[in-house]
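Quick note on labels: first sequence line is chain A, next is B, and so on, each numbered from 1.
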Amino acid sequence: QGLKPVVSTESSALIFGTTTKLASDLPATDSFLGKNKVPDLQKLFQRTDGLPVHLKRGLPDKLLYRTTMALTIGGTIYCLVALYMASQPRNQ
Amino acid sequence: MAHQAHSYHMVDPSPWPLFGATAALLTTSGLILWFHYNSSHLLALGMLTTTLVMLQWWRDIVREGTFQGHHTPTVQKGLRYGMILFITSEVFFFLGFFWAFFHSSLAPTPELGGQWPPAGIKPLNPLEVPLLNTAILLASGITVTWAHHSITEADRKQAIQALTLTILLGLYFTALQAMEYHEAPFSIADGVYGSTFFVATGFHGLHVIIGSSFLLICLLRLIKFHFTPSHHFGFEAAAWYWHFVDVVWLFLYMTIYWWGS
(Lines give C-alpha, C1' and ligand atoms only; values in the text may rest on other atoms or scores of the structure.)
Protein backbone atom coordinates (compact mmCIF):
# COMPACT_ATOMS: atom_id res chain seq x y z
CA GLN A 1 0.00 0.00 0.00
CA GLY A 2 1.16 3.50 -0.79
CA LEU A 3 0.92 4.78 2.76
CA LYS A 4 3.56 2.33 3.97
CA PRO A 5 6.75 4.21 2.99
CA VAL A 6 5.50 7.46 4.54
CA VAL A 7 4.04 5.98 7.70
CA SER A 8 6.83 3.48 8.24
CA THR A 9 9.43 6.24 8.39
CA GLU A 10 7.14 8.17 10.70
CA SER A 11 6.53 5.34 13.06
CA SER A 12 10.13 4.16 12.78
CA ALA A 13 11.29 7.64 13.76
CA LEU A 14 8.73 7.66 16.54
CA ILE A 15 9.70 4.25 17.77
CA PHE A 16 13.42 4.69 17.15
CA GLY A 17 13.37 8.06 18.84
CA THR A 18 11.66 6.86 21.95
CA THR A 19 13.21 3.41 21.95
CA THR A 20 16.66 4.98 22.02
CA LYS A 21 15.37 7.09 24.88
CA LEU A 22 13.96 4.05 26.65
CA ALA A 23 17.10 2.00 26.01
CA SER A 24 19.35 4.65 27.43
CA ASP A 25 17.32 4.92 30.62
CA LEU A 26 18.08 1.58 32.21
CA PRO A 27 20.44 -0.65 30.22
CA ALA A 28 20.51 -3.22 33.02
CA THR A 29 16.76 -3.76 32.79
CA ASP A 30 16.93 -3.95 29.00
CA SER A 31 19.44 -6.77 28.96
CA PHE A 32 17.38 -8.45 31.69
CA LEU A 33 14.18 -8.28 29.71
CA GLY A 34 15.52 -8.67 26.17
CA LYS A 35 16.48 -6.22 23.47
CA ASN A 36 14.24 -4.26 21.14
CA LYS A 37 13.40 -6.32 18.09
CA VAL A 38 10.65 -4.00 16.80
CA PRO A 39 12.73 -2.39 14.00
CA ASP A 40 13.62 -5.84 12.62
CA LEU A 41 9.99 -6.91 12.78
CA GLN A 42 8.97 -3.71 11.05
CA LYS A 43 11.33 -4.58 8.18
CA LEU A 44 9.96 -8.11 8.05
CA PHE A 45 6.32 -7.10 7.94
CA GLN A 46 6.87 -4.34 5.40
CA ARG A 47 8.48 -6.58 2.78
CA THR A 48 6.74 -6.10 -0.57
CA ASP A 49 6.09 -9.79 -1.14
CA GLY A 50 2.34 -9.42 -1.70
CA LEU A 51 1.52 -11.62 1.28
CA PRO A 52 -1.50 -10.61 3.39
CA VAL A 53 -0.76 -9.75 7.01
CA HIS A 54 -2.13 -13.02 8.38
CA LEU A 55 0.40 -15.03 6.33
CA LYS A 56 3.26 -12.54 6.40
CA ARG A 57 5.54 -14.58 8.59
CA GLY A 58 5.50 -17.54 6.23
CA LEU A 59 5.36 -21.14 7.45
CA PRO A 60 4.19 -20.75 11.07
CA ASP A 61 1.35 -18.48 9.92
CA LYS A 62 0.36 -20.91 7.17
CA LEU A 63 0.28 -23.88 9.55
CA LEU A 64 -1.81 -22.06 12.13
CA TYR A 65 -4.20 -20.78 9.45
CA ARG A 66 -4.65 -24.22 7.95
CA THR A 67 -5.17 -25.79 11.38
CA THR A 68 -7.84 -23.19 12.22
CA MET A 69 -9.52 -23.73 8.85
CA ALA A 70 -9.50 -27.52 9.24
CA LEU A 71 -11.02 -27.33 12.72
CA THR A 72 -13.61 -24.81 11.57
CA ILE A 73 -14.71 -26.72 8.47
CA GLY A 74 -14.61 -30.08 10.25
CA GLY A 75 -16.59 -28.62 13.12
CA THR A 76 -19.19 -27.19 10.75
CA ILE A 77 -19.75 -30.59 9.13
CA TYR A 78 -20.03 -32.23 12.58
CA CYS A 79 -22.43 -29.49 13.60
CA LEU A 80 -24.69 -29.87 10.55
CA VAL A 81 -24.81 -33.66 10.93
CA ALA A 82 -25.55 -33.38 14.66
CA LEU A 83 -28.29 -30.80 14.12
CA TYR A 84 -29.78 -32.91 11.32
CA MET A 85 -29.88 -35.92 13.64
CA ALA A 86 -31.29 -33.82 16.47
CA SER A 87 -34.09 -32.63 14.26
CA GLN A 88 -35.30 -36.17 13.52
CA PRO A 89 -38.46 -37.11 15.44
CA ARG A 90 -37.82 -39.59 18.23
CA ASN A 91 -39.93 -42.75 17.90
CA GLN A 92 -41.66 -44.14 20.97
CA MET B 1 3.23 1.53 -6.69
CA ALA B 2 -0.16 3.18 -5.90
CA HIS B 3 -0.28 5.63 -3.01
CA GLN B 4 -3.44 6.16 -0.99
CA ALA B 5 -4.62 9.76 -0.71
CA HIS B 6 -6.22 9.28 2.73
CA SER B 7 -5.18 8.36 6.25
CA TYR B 8 -7.50 5.39 6.71
CA HIS B 9 -6.49 1.74 6.82
CA MET B 10 -7.69 -0.49 3.98
CA VAL B 11 -7.06 -3.89 5.56
CA ASP B 12 -5.69 -6.91 3.72
CA PRO B 13 -8.23 -9.65 2.97
CA SER B 14 -8.61 -11.71 6.13
CA PRO B 15 -10.27 -15.04 6.95
CA TRP B 16 -10.85 -14.26 10.62
CA PRO B 17 -14.31 -12.64 10.47
CA LEU B 18 -15.74 -15.68 8.64
CA PHE B 19 -13.90 -18.19 10.84
CA GLY B 20 -14.99 -16.23 13.92
CA ALA B 21 -18.62 -16.38 12.87
CA THR B 22 -18.27 -20.12 12.23
CA ALA B 23 -16.63 -20.57 15.63
CA ALA B 24 -19.65 -18.83 17.19
CA LEU B 25 -21.92 -21.30 15.33
CA LEU B 26 -19.93 -24.24 16.69
CA THR B 27 -19.99 -22.84 20.23
CA THR B 28 -23.74 -22.21 20.29
CA SER B 29 -24.60 -25.54 18.64
CA GLY B 30 -22.13 -27.16 21.02
CA LEU B 31 -24.07 -25.71 23.94
CA ILE B 32 -27.27 -27.27 22.57
CA LEU B 33 -25.66 -30.70 22.23
CA TRP B 34 -24.22 -30.37 25.74
CA PHE B 35 -27.48 -29.34 27.34
CA HIS B 36 -29.72 -31.83 25.57
CA TYR B 37 -27.52 -34.79 24.61
CA ASN B 38 -24.74 -34.66 27.23
CA SER B 39 -22.04 -34.37 24.53
CA SER B 40 -19.34 -31.72 24.95
CA HIS B 41 -17.14 -32.36 21.89
CA LEU B 42 -18.65 -29.67 19.69
CA LEU B 43 -18.64 -27.13 22.52
CA ALA B 44 -14.95 -27.79 23.14
CA LEU B 45 -14.26 -27.46 19.41
CA GLY B 46 -16.23 -24.21 19.31
CA MET B 47 -14.30 -22.73 22.22
CA LEU B 48 -10.99 -23.85 20.71
CA THR B 49 -11.71 -22.31 17.31
CA THR B 50 -12.94 -19.10 18.98
CA THR B 51 -9.66 -18.86 20.87
CA LEU B 52 -7.61 -19.55 17.73
CA VAL B 53 -9.48 -16.85 15.80
CA MET B 54 -9.08 -14.32 18.62
CA LEU B 55 -5.34 -14.98 18.89
CA GLN B 56 -4.72 -14.64 15.17
CA TRP B 57 -7.05 -11.67 14.59
CA TRP B 58 -5.55 -9.63 17.42
CA ARG B 59 -2.02 -10.77 16.45
CA ASP B 60 -2.72 -9.34 12.99
CA ILE B 61 -3.90 -6.01 14.45
CA VAL B 62 -0.63 -5.74 16.39
CA ARG B 63 1.25 -6.49 13.16
CA GLU B 64 -0.74 -3.88 11.22
CA GLY B 65 -0.27 -1.18 13.88
CA THR B 66 3.13 -1.71 15.44
CA PHE B 67 5.02 -3.30 12.54
CA GLN B 68 3.33 -1.91 9.43
CA GLY B 69 2.50 1.57 10.74
CA HIS B 70 -1.14 1.59 9.63
CA HIS B 71 -2.48 3.11 12.87
CA THR B 72 -2.42 6.77 11.91
CA PRO B 73 -4.09 9.27 14.28
CA THR B 74 -7.25 8.93 12.17
CA VAL B 75 -7.26 5.16 12.51
CA GLN B 76 -6.52 5.43 16.22
CA LYS B 77 -9.53 7.71 16.67
CA GLY B 78 -11.71 5.01 15.12
CA LEU B 79 -10.23 2.41 17.46
CA ARG B 80 -10.97 4.67 20.43
CA TYR B 81 -14.59 5.10 19.34
CA GLY B 82 -14.84 1.35 18.90
CA MET B 83 -13.56 0.54 22.38
CA ILE B 84 -15.80 3.14 24.02
CA LEU B 85 -18.85 1.81 22.20
CA PHE B 86 -17.99 -1.76 23.14
CA ILE B 87 -17.59 -0.87 26.82
CA THR B 88 -20.90 1.03 26.65
CA SER B 89 -22.60 -2.10 25.33
CA GLU B 90 -21.13 -4.04 28.25
CA VAL B 91 -22.53 -1.45 30.67
CA PHE B 92 -26.00 -2.15 29.27
CA PHE B 93 -25.35 -5.88 29.61
CA PHE B 94 -24.74 -5.48 33.35
CA LEU B 95 -27.60 -3.01 33.69
CA GLY B 96 -29.96 -5.88 32.86
CA PHE B 97 -28.70 -7.99 35.74
CA PHE B 98 -28.93 -5.08 38.16
CA TRP B 99 -32.51 -4.55 36.95
CA ALA B 100 -33.28 -8.19 37.71
CA PHE B 101 -31.78 -7.84 41.20
CA PHE B 102 -33.83 -4.77 42.06
CA HIS B 103 -36.98 -6.27 40.54
CA SER B 104 -36.77 -9.15 43.02
CA SER B 105 -35.32 -7.37 46.03
CA LEU B 106 -37.36 -4.13 46.17
CA ALA B 107 -40.66 -6.01 46.44
CA PRO B 108 -39.91 -9.46 47.88
CA THR B 109 -42.74 -11.94 47.24
CA PRO B 110 -44.56 -13.97 49.93
CA GLU B 111 -42.67 -17.04 48.70
CA LEU B 112 -39.48 -15.38 49.96
CA GLY B 113 -41.10 -14.55 53.27
CA GLY B 114 -41.80 -10.99 52.18
CA GLN B 115 -38.24 -10.00 53.11
CA TRP B 116 -34.82 -9.46 51.54
CA PRO B 117 -32.57 -11.35 52.01
CA PRO B 118 -35.20 -14.10 51.65
CA ALA B 119 -36.01 -16.32 54.60
CA GLY B 120 -33.42 -19.04 55.06
CA ILE B 121 -30.68 -17.23 53.13
CA LYS B 122 -27.55 -16.32 55.08
CA PRO B 123 -25.82 -13.63 52.98
CA LEU B 124 -22.05 -13.12 52.95
CA ASN B 125 -20.73 -10.52 55.40
CA PRO B 126 -19.94 -7.48 53.22
CA LEU B 127 -17.23 -6.35 55.64
CA GLU B 128 -15.14 -9.51 55.23
CA VAL B 129 -13.73 -10.83 51.91
CA PRO B 130 -15.98 -8.60 49.73
CA LEU B 131 -14.48 -5.51 51.38
CA LEU B 132 -10.96 -6.83 50.80
CA ASN B 133 -11.90 -7.42 47.15
CA THR B 134 -13.08 -3.82 46.90
CA ALA B 135 -9.74 -2.60 48.24
CA ILE B 136 -7.88 -4.89 45.81
CA LEU B 137 -9.70 -3.56 42.75
CA LEU B 138 -9.38 0.06 43.84
CA ALA B 139 -5.65 -0.46 44.36
CA SER B 140 -5.38 -2.06 40.93
CA GLY B 141 -7.03 1.02 39.43
CA ILE B 142 -4.26 3.09 40.97
CA THR B 143 -1.48 0.78 39.79
CA VAL B 144 -2.77 0.74 36.21
CA THR B 145 -2.80 4.56 36.22
CA TRP B 146 0.73 4.49 37.60
CA ALA B 147 1.69 2.18 34.72
CA HIS B 148 0.14 4.59 32.22
CA HIS B 149 2.06 7.56 33.59
CA SER B 150 5.27 5.52 33.50
CA ILE B 151 4.68 4.71 29.83
CA THR B 152 4.11 8.34 28.89
CA GLU B 153 7.24 9.28 30.82
CA ALA B 154 9.30 6.57 29.06
CA ASP B 155 10.11 4.88 32.39
CA ARG B 156 10.30 1.27 31.25
CA LYS B 157 11.16 -0.34 34.58
CA GLN B 158 8.36 1.34 36.54
CA ALA B 159 5.83 0.70 33.79
CA ILE B 160 6.63 -3.01 33.89
CA GLN B 161 6.50 -3.08 37.69
CA ALA B 162 3.17 -1.22 37.89
CA LEU B 163 1.49 -3.29 35.18
CA THR B 164 2.72 -6.54 36.75
CA LEU B 165 1.34 -5.42 40.11
CA THR B 166 -2.00 -4.61 38.49
CA ILE B 167 -2.23 -8.10 36.99
CA LEU B 168 -1.26 -9.74 40.30
CA LEU B 169 -4.00 -7.79 42.08
CA GLY B 170 -6.48 -8.97 39.44
CA LEU B 171 -5.43 -12.59 39.96
CA TYR B 172 -5.66 -12.16 43.74
CA PHE B 173 -9.26 -10.89 43.34
CA THR B 174 -10.14 -13.88 41.15
CA ALA B 175 -8.63 -16.34 43.62
CA LEU B 176 -10.50 -14.79 46.56
CA GLN B 177 -13.80 -14.80 44.65
CA ALA B 178 -13.30 -18.44 43.68
CA MET B 179 -12.77 -19.27 47.33
CA GLU B 180 -15.88 -17.27 48.31
CA TYR B 181 -17.93 -19.15 45.69
CA HIS B 182 -16.71 -22.45 47.10
CA GLU B 183 -17.43 -21.49 50.72
CA ALA B 184 -20.76 -19.68 50.22
CA PRO B 185 -23.66 -21.15 52.25
CA PHE B 186 -26.05 -20.61 49.34
CA SER B 187 -25.93 -21.70 45.68
CA ILE B 188 -27.23 -20.46 42.33
CA ALA B 189 -30.21 -22.77 42.78
CA ASP B 190 -31.34 -21.05 45.96
CA GLY B 191 -34.21 -19.11 44.51
CA VAL B 192 -34.01 -15.65 43.12
CA TYR B 193 -31.34 -14.59 45.63
CA GLY B 194 -28.97 -17.26 44.38
CA SER B 195 -29.73 -16.53 40.73
CA THR B 196 -29.20 -12.78 40.93
CA PHE B 197 -26.13 -13.10 43.13
CA PHE B 198 -24.23 -15.69 41.11
CA VAL B 199 -25.20 -14.49 37.62
CA ALA B 200 -24.26 -10.86 38.36
CA THR B 201 -21.05 -11.60 40.28
CA GLY B 202 -20.24 -14.50 37.97
CA PHE B 203 -20.32 -12.39 34.82
CA HIS B 204 -18.31 -9.78 36.65
CA GLY B 205 -15.71 -12.40 37.55
CA LEU B 206 -15.54 -13.47 33.92
CA HIS B 207 -14.86 -9.85 32.96
CA VAL B 208 -12.09 -9.66 35.58
CA ILE B 209 -10.48 -12.69 33.94
CA ILE B 210 -10.86 -11.14 30.48
CA GLY B 211 -9.45 -7.82 31.73
CA SER B 212 -6.51 -9.53 33.43
CA SER B 213 -5.75 -11.42 30.22
CA PHE B 214 -5.88 -8.20 28.21
CA LEU B 215 -3.50 -6.55 30.69
CA LEU B 216 -1.18 -9.56 30.51
CA ILE B 217 -0.95 -9.23 26.71
CA CYS B 218 -0.17 -5.54 27.23
CA LEU B 219 2.61 -6.47 29.67
CA LEU B 220 4.18 -8.79 27.10
CA ARG B 221 3.95 -6.06 24.45
CA LEU B 222 5.39 -3.51 26.90
CA ILE B 223 8.37 -5.76 27.54
CA LYS B 224 8.82 -6.22 23.78
CA PHE B 225 9.04 -2.44 23.22
CA HIS B 226 5.77 -2.19 21.25
CA PHE B 227 4.57 0.93 23.10
CA THR B 228 5.93 4.45 22.74
CA PRO B 229 5.27 7.35 25.14
CA SER B 230 2.86 8.91 22.63
CA HIS B 231 1.36 5.82 20.98
CA HIS B 232 0.13 2.98 23.17
CA PHE B 233 -3.57 2.65 22.45
CA GLY B 234 -3.68 -1.09 23.17
CA PHE B 235 -2.65 -0.32 26.73
CA GLU B 236 -5.17 2.51 27.04
CA ALA B 237 -7.96 0.23 25.83
CA ALA B 238 -6.98 -2.37 28.45
CA ALA B 239 -6.86 0.31 31.14
CA TRP B 240 -10.32 1.61 30.18
CA TYR B 241 -11.70 -1.92 30.30
CA TRP B 242 -10.07 -2.47 33.69
CA HIS B 243 -11.59 0.72 35.14
CA PHE B 244 -14.98 -0.41 33.81
CA VAL B 245 -14.56 -3.76 35.60
CA ASP B 246 -13.67 -1.89 38.78
CA VAL B 247 -16.74 0.36 38.57
CA VAL B 248 -19.07 -2.60 37.98
CA TRP B 249 -17.66 -4.22 41.12
CA LEU B 250 -18.28 -1.05 43.15
CA PHE B 251 -21.94 -1.12 42.07
CA LEU B 252 -22.17 -4.85 42.81
CA TYR B 253 -20.66 -4.31 46.23
CA MET B 254 -22.91 -1.41 47.17
CA THR B 255 -26.15 -2.98 45.90
CA ILE B 256 -25.98 -6.78 46.12
CA TYR B 257 -23.41 -7.27 48.87
CA TRP B 258 -24.12 -4.34 51.16
CA TRP B 259 -27.70 -3.06 50.62
CA GLY B 260 -28.84 -6.60 49.81
CA SER B 261 -27.70 -8.00 53.12
## Note on the structure
Here the pair of heavy atoms bringing Gly234(B) nearest to Cys218(B) is O-SG, 3.6 Å

#### Entry: Top of Ser29(B), Pro13(B), Pro15(B), Ala23(B) for chain A proximity - count of heavy-atom pairs under 4.5 angstrom
Pro15(B)

### Query
Do Phe233(B) and His71(B) have ring centroids that are under 6.0 Å from one another?
no

### Query
Can you check whether Glu90(B) reaches Phe244(B) side chain to side chain, under 4.5 Å on heavy atoms?
yes

## Note on the structure
Cut-off 4.5 Å, heavy atoms of chain A, and the answer for Leu48(B) is side chain

### Task
Please say which of Phe97(B), Tyr181(B), Trp249(B) ends up in a ring-ring contact (aromatic ring centres under 6.0 Å, His included) with His204(B).
Trp249(B)

### Summary
Sequence neighbours excluded, the answer for ring-ring contact (aromatic ring centres under 6.0 Å, His included) partners of His148(B) is His232(B), Phe235(B)

### Query
In terms of heavy-atom pairs under 4.5 Å, which option from Phe67(B), Phe19(B), Trp16(B) contacts chain A the most?
Phe67(B)

### Task
Just jot down the ring-ring contact (aromatic ring centres under 6.0 Å, His included) partners of Tyr172(B), sequence neighbours excluded, or say none.
none

### Message
Out of Thr22(B), Leu33(B), Leu26(B), Leu25(B), return the one with the most heavy atom pairs under 4.5 angstrom to chain A.
### Response
Leu26(B)

#### Entry: Non-neighbouring partners of Thr143(B) that pass side-chain hydrogen bond (donor to acceptor under 3.5 Å, both in side chains), sequence neighbours left out
Thr166(B)

### Task
Heavy-atom pairs under 4.5 Å with chain B are the metric here; pick the option from Thr67(A), Ile73(A), Leu64(A) that has the most.
Leu64(A)

### Task
Specify which of Leu55(A), Asp61(A), Leu83(A), Leu44(A) makes the most heavy-atom pairs with chain B at under 4.5 Å.
Asp61(A)

### Message
Looking at Trp34(B), I want to see if its CH2 is surrounded by more than 12 non-hydrogen atoms of other residues, nucleotides or ligands under 6.0 Å.
### Response
no

### Query
Tell me, side chain or backbone of Ile223(B) under 4.5 Å from chain A's heavy atoms, or both, or neither?
both

### Heavy-atom donor-acceptor pair, Ser89(B) side chain to Phe86(B) backbone, under 3.5 Å
yes

### Query
Among Leu18(B), Ile32(B), Thr49(B), which has the most heavy-atom pairs under 4.5 Å with chain A?
Thr49(B)

### Query
Mind checking which of residues 50-62 of chain B sit less than 4.5 Å from chain A, heavy atom to heavy atom?
Leu52(B), Val53(B), Gln56(B), Arg59(B), Asp60(B)

### Task
Only one of Ile210(B), Ile209(B), Val208(B) passes side chain to side chain contact (heavy atoms under 4.5 Å, CB included) with Ser212(B); say which it is.
Val208(B)

